[in-house]
Every structure is written in structure tokens, then in C-alpha cells.
Amino acid sequence: MDDLGAELRQARLEAGVTLASIAARTCYSASHLSNVEAGRRTATPDIVLAYARALGEADVRRRDLLAVATIGPIAANELIRNGFTAALTGHRDGVDRWRERVDQYGRDYMEIGADSLQIRLANDLVVMQQQLDSPIMWATAARALTTYGKTTKDPTEAIGWYDTARIAADRSDDLAVRVWVRGRAAIALAYEGAALAVAQRYADEAIGLSDRPSLGQVQALMARAHIAAGRGDTAAAIAADEDAQRVFERTASPDGEISDAAVPAWRMATFRSMLYARLGLIQRGEQAQLDADRLRPASLTRFATHIELHRALMMAKAGDGPSGLAHARRAWAALPTDRRSQTLGLVLREVERAARQRR
């Protein structure tokens, strides 16, 4: 809605609420919110929901309309109801409980569909916004926001959530979380071949924040490898992969750990499989694919499909576009619809582009 910012301003003025009080409920400054109201900045869902809470009981109908217009597919009424219920009853989960819930979202992300996860996580984020009163809560929110970005429908929307996660991580003053959020966002975008300039910025920020080996650093370095591959710089891609491997050897997650926050050997092999498929280096790619298939837990069917798409991409890069495309489409069709993801769709499109170029 072009006039959403003006609607937000009108609702705020009618309720007698200041910009400063709404800013206190978000990761945004009063000046940013002023720009939103003037139409110079986007009214993102978290901003709309912050306005909804800040307006109290004034103009309920307007709140609902604004939220529905902005986040319709995410069951806006239910989000608002849950947020207000928590505020009115004074119910607050403890920090440990919130961390457990966010850890569970990291595990669920690996195994269930994005749509159902997004609705549950959105509900919790609405409530969590009201409880950001400690560095630990900001760190927990940063992790949740990063996972939420992975459930969205397109890279542009995801970047908005990753940026919000970065701000939340910075407010936590937790260096490990600050590095992880940036590294995770960087590899998410770079693996998808999306928004490489933004992925480069996230990766550089993660690496610049700390030289201490960590999973965030591993992912930032792997992002650099994929960015170099996307730009056709094979030597730089291999060098970044080797750097990532050295850090991974010191920080690898246990093989049995299933979580978006973890990087066990099978997941590192999946990152590398896509990298070498993208580079057209068949021997390295096939070895990474074998490692991924051998080490990956059987329950992670979506990630098995990743490997099949990588194989398809290598076929296309090797000159057999029709076979590669057919292999990719079979793998996509075999995966249940509720297990498909934005990332898989982007990889499929990369196979389609490679197949067209090899005709």
C-alpha cells in the first residue's frame, strides 16, 4: 500500500502515541519511523505490529486492517491476538525458555516446511518483541529473526529480516551471535546465488568483527567462496573454500547435531557440493556429494534434494543440459510440496539457466 505510512501516522496521532514510544518497541529509531510515515521508508511487518501494540485499545479495526494489508498470509489477526494476550496478562517466559524455543526452531527448520514454521515463529516474535529487556533476549531474538528470514518467499524480503537480525545482535553485545547472524545470512544468500553484493557485505562484516574461529566465520568464508564462484573467479573460490575448511576443522558441530545453528560435516559437504557444481569442477563436486549423502541424517530429505540438484547442475555445466534439467525436475517433483523451499527453487532455476546456456 503506497499510503501505508500515512495510515500508520494517522492511527498514531489519533491514539496520542509518540514516535519515541513506538521506537522503543522496535529495532528502529524515531527518525526511521518518521521516514516510514512519510513514505520514504518501507513499513515492514515488524514495524506495523509495533504500531499495533503501541496503539493500545484505540481503533482496533484500523490496527487489524493495517496488519492484514501488510502480513496477510501470516494470519495477522492471530498474531495481534497473541501479542496483546501476552501483554495484557503480563505473561513472560524466562530467558532459558526463550532460548529453548529458538533452539527448537533451529532444529525444526531442518526438517519441516517453511510455511508452517513461519507462522509459529511469527507468533513468537510478536510476543518476544515485548520482552527485549536484556542482552540475552536481544541475542535470542537475533537468532530467531535470522531463522525467520530463511522462511520467507524471496531474497529481498529475507534481506530485510537479516538486517533486523543484525541490529538485534549488535544490541546484545554478544560477539559470537553478531558474527553468526552475519555469517548465516551471507551463506544463505551466496548459496542461493542471490544478492551477492549484500552477501559480500555480511561476510566481510562477520570476518571483520572477529578472527576467532567460529561457525559464523566458517559460513562467512564459505559465502566468500560462493560469491567468487558466482563472479567466475575460480581461484578465489577455491582459496576461500580452503580457508573455510581450516576453520571448520577447529569448530565443526557434532555429526548428529541437527540444527540451523550447527555446521556438521554433512552440511559443510553440502555447501561445498554446490560450490563445485557451480564451478563445474566435477571431481571435487562428486566427492562432496558422496560425503554429504554418506553423513547426512536420513530424516533430512530436503537436503538430499539439494544434492540431487547439485548433480543436475554439474551435468548441465559439463555440457549435457537436457539430462541435467530432467534430473533436476525429477528431484524437485519427488520432494513433497510442503518440504520445498525458496533456496531449492533458486537452485532449480540456476540449473535451468545452465541448461539453456549449454544448448
Side-chain angles (χ1 to χ4, degrees), residues 1-5 8 26-29 32-33 35-51 66-76 79 105 109 113-115 117-119 121-122 125-126 129 141-170 180-206 219-220 222-224 226-227 229-231 260 274 278 306 309 340-353:
M1 293 174 61
D2 293 338
D3 60 349
L4 182 53
L8 290 172
T26 72
C27 297
Y28 301 98
S29 66
H32 181 92
L33 298 180
N35 283 328
V36 169
E37 291 186 357
R40 293 187 292 269
R41 297 283 185 179
T42 301
T44 56
D46 59 320
I47 290 176
V48 174
L49 289 170
Y51 271 75
L66 289 174
V68 169
T70 311
I71 56 170
I74 314 177
L79 292 181
Y105 281 124
Y109 171 79
D115 288 345
L117 182 65
Q118 185 184 60
I119 293 169
L121 183 50
L125 284 169
V126 171
Q129 286 184 79
R143 292 170 50 218
L145 287 161
T146 304
T147 301
Y148 189 78
K150 284 296 299 170
T151 70
T152 55
K153 298 297 185 182
D154 65 77
T156 300
E157 185 180 357
I159 289 167
W161 291 109
Y162 297 151
D163 282 340
T164 302
R166 287 164 61 243
I167 296 169
D170 290 346
W180 182 83
V181 164
R182 289 165 167 84
R184 181 68 187 97
I187 188 59
L189 293 172
Y191 180 96
E192 295 169 352
L196 294 185
V198 178
Q200 182 77 62
R201 173 164 56 86
Y202 290 159
D204 290 347
E205 287 179 2
Q219 293 178 97
M222 282 305 305
R224 281 185 169 177
H226 281 274
I227 292 162
R231 293 171 176 168
D260 187 47
M274 180 60 178
R278 185 170 270 155
H306 278 261
L309 291 179
R340 296 172 186 173
S341 66
Q342 165 196 302
T343 300
L344 281 173
L346 290 171
V347 176
L348 176 61
R349 288 199 284 276
E350 186 165 346
V351 175
E352 291 170 344
R353 289 195 300 273

Flag the pair [X] / [Y] as yes when at least one side-chain heavy-atom distance between them is below 4.5 Å, and no otherwise.
{"X": "Tyr191", "Y": "Val347", "value": "yes"}
{"X": "Tyr162", "Y": "Thr152", "value": "no"}
{"X": "Thr146", "Y": "Trp180", "value": "yes"}
{"X": "Tyr109", "Y": "Leu121", "value": "no"}
{"X": "Val198", "Y": "Pro155", "value": "no"}
{"X": "Arg231", "Y": "Ile227", "value": "yes"}
{"X": "Thr147", "Y": "Arg143", "value": "no"}
{"X": "Met274", "Y": "His306", "value": "no"}

Taking every non-hydrogen atom, the tightest pair across [X] and [Y]:
{"X": "Glu350", "Y": "Glu192", "answer": "OE1-O, 4.5 Å"}
{"X": "Tyr148", "Y": "Ala122", "answer": "CE1-CB, 3.8 Å"}
{"X": "Arg278", "Y": "Ala229", "answer": "CD-CB, 4.0 Å"}
{"X": "Arg224", "Y": "Ala203", "answer": "CG-CB, 4.1 Å"}
{"X": "Val351", "Y": "Leu309", "answer": "CG2-O, 3.7 Å"}
{"X": "Ala144", "Y": "Leu125", "answer": "CB-CD2, 3.9 Å"}

Is a side-chain donor-acceptor pair under 3.5 Å present for Lys150 with Thr343?
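Distance-only check passes for Thr343 and Lys150.
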
Taking atom CZ of Arg201 as the centre, does the number of heavy atoms from other residues, nucleotides or ligands within less than 6.0 Å exceed 12?
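For Arg201, atom CZ is crowded (more than 12 foreign heavy atoms under 6.0 Å).
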
Show, in sequence, the C-alpha distance, side-chain angles and deciding distance for Asp204 and Arg182, and conclude whether the salt bridge (charged side-chain N to carboxylate O under 4.0 Å, His left out) test is met.
CA-CA 9 Å; Asp204 290 347; Arg182 289 165 167 84; over 6 Å; no

